[in-house]
Amino acid sequence: MNRIVLQKQFLDRSSRSSSNRLFPSLALISRMGRFFHTPSFATVAADKLSGSHPAEVQNLVQGSWKPSASWTWIVDPLNGEKFIKIAEIQESELLPFVSSLSSCPKYGLHNPLRAQERYLMYGDISAKAATKLAQPEVSDFFARLIQRVSPKSYAQALAEVQVTQKFLENFSGDQVRFLARSFAVPGNHLGQQSTGLRWPYGPVAIITPFNFPLEIPLLQLMGALYMGNKPVLKVDSKVSLVMDQMLRLLHECGLPLKDVDFINSDGATMNKLLLEAKPKMTLFTGSSRVAEKLAADLKGRIKLEDAGFDWKILGPDVKEVDYVAWVCDQDAYACSGQKCSAQSILFMHENWASSELISKMKSLAGRRKLEDLTIGPVLTVTTDAMVEHMNKLLKIPGSKLLFGGEPLQNHSIPEVYGAFRPTAVFVPLKEILKIDNFDLVTKEIFGPFQVVTEYRNNELELVLEACERMHAHLTAAVVSNDPLFLQDVLGRSVNGTTYAGIRARTTGAPQNHWFGPAGDPRGAGIGTPEAIKLVWSCHREIIYDIGPVPNTWKLPAST
């Protein structure tokens, strides 16, 4: 009863705030927050974060939280108010970060032969953090904080928190040291044995994007720490408040202050830090263009989980149309399409094209609304850019607008961000494959936008040719229960995370399976033991040869 009274009082205050007068979704976020409790580690109140109650994000280096000589304001994506103040490091302030990374030896903070107790320490930290994140008031705090900086529905934001919590649970107790499990092979003679060890890189860097402000940086950060590395973490400044708060939670759970550095800066400054500090490995999640630049600058010492123009193929067996339409809607438009795994192109078999699939997809897209953030601000693509791209596609012969294609109305989203209705454009398959059209059609639009096409029974080769010509191979879906069709498509494609079967999707990065690209030796995964070992450790072989030397040994001739 007291909770209901407090909730009513809070909503009454919220309804009078200037932020909520400007945009009704701010009030909705408050209503979705059930607990209105600021956790002990937190330095902000998620339900009050606004232009009148701005947050401040500092940097963590050499064990201390520090400001900067320069402050940058982040604009609220819902109403344009300045609501987060970022201590943005300038190039002249990089020395402490360079010194901090340089202090870590190449053999890491721990490894299978040194400071092994730290494996156990990180198992304990994970257990405590998982327990804390499972508390309803803490998970709710992070879900609402995610909503404020990267607007998405409460269900989507909470799912991100839950995946993170389950990941921490997975690596509690002895599971961290099991990541460093080694093997031994008998040698050629008495006293000789070769052992294979998972060895840290030592000083490393992590650069992550805005769209999953908790899950991606936290999972990669913990993977780096588990294996014995010392990371500097750079999160997109628009959302770095979330990891600022998560680091404080981890410190409360026992994370040593000096084990992680946290920097806020622009891209050029971060690039300079990488060139000066020379981390032994950098993990980059983000755009392909930046990824290729970093790969050159860092001379290949990098792992990439870059962008993806992700495809879905609907096979000849039509069934569960309502379900498949719903999955297509979720894949293309959840989080306003701002997922690296979002459905970018849909290849429909002619049997599906003659079903009610498209009309059902259109109806589902029409349910999405700004008020509950099932559609919302697009943080890296403007409305004008999406309109321009759509118009270019519609100039291709045979193309047509299936639904959407218009800017959102009646909102306060600032022009620097996009505001666009969920959109699908049909382009004929043979037109897609033309040299003049292919790059345009397969350009990733990081927003609520997808291309749809149709193929006949004898045109599967054309579909697979299109998939082969794409340059990014992150996720894919083959929607069919026909085993021969699945075998054919899966055997001639390469995407790293591929769902197959009538329930197949393109999105979804839970903690229980590998998520990452394939076909690129620089490819990085996330979430699983295999991903952590691949990204955050290298193989070291130690051959023990302790003798004894045989009594019959004599000095041989030179060879």
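Computed over heavy atoms, backbone and side chain alike; hydrogens, waters and symmetry mates excluded.
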Would you say [Y] and [X] are linked by a side-chain donor-acceptor pair, where the criterion is simply a distance under 3.5 Å?
X      : Y      : result
Ser100 : Asp261 : yes
Thr475 : Asn495 : no
Ser68  : Glu93  : yes
Ser240 : Asn264 : yes
Glu88  : Gln90  : no
Tyr122 : Asp259 : yes

Sidechain N-carboxylate O distance under 4.0 Å for [X], [Y]:
X      : Y      : answer
Glu292 : Arg522 : yes
Asp76  : Arg148 : yes
Glu160 : Lys152 : yes
Asp331 : Lys312 : yes
Asp297 : Lys293 : yes

Partners meeting salt bridge (Lys or Arg N to Asp or Glu O under 4.0 Å) with [X] (sequence neighbours left out):
X      : result
Arg198 : none
Lys258 : none
Lys238 : Asp236
Arg301 : none

Write out all pairs satisfying ring-ring contact (aromatic ring centres under 6.0 Å, His included) with one or both partners inside [range], taking only residues at least two apart or from two chains.
range            : value
residues 276-306 : none
residues 512-533 : Tyr499-His513
residues 127-149 : Phe41-Phe141, Phe41-Phe142

Results of side-chain hydrogen bond (donor to acceptor under 3.5 Å, both in side chains) for [X] - residues two or more places apart only:
X      : result
Ser40  : Glu252
Tyr201 : none
Tyr544 : none

Taking the side chain as every heavy atom from C-beta outward, state whether [X] and [Y] have any pair of such atoms under 4.5 Å apart.
X      : Y      : answer
His539 : Trp199 : no
Val260 : Leu225 : yes
Lys234 : Ser237 : yes
Cys253 : Lys132 : yes

Under the rule for ring-ring contact (aromatic ring centres under 6.0 Å, His included), what residues qualify as partners of Tyr323, not counting sequence neighbours? Trp326
State which residues pass ring-ring contact (aromatic ring centres under 6.0 Å, His included) with Phe171; sequence neighbours excluded, sorted by chain then number.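 By the ring-ring contact (aromatic ring centres under 6.0 Å, His included) rule, Phe171 matches Phe167, Tyr226.
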Only residue of Val290, Leu233, Leu274 satisfying side-chain contact (heavy atoms from CB on, under 4.5 Å) with Ile207 is Leu274
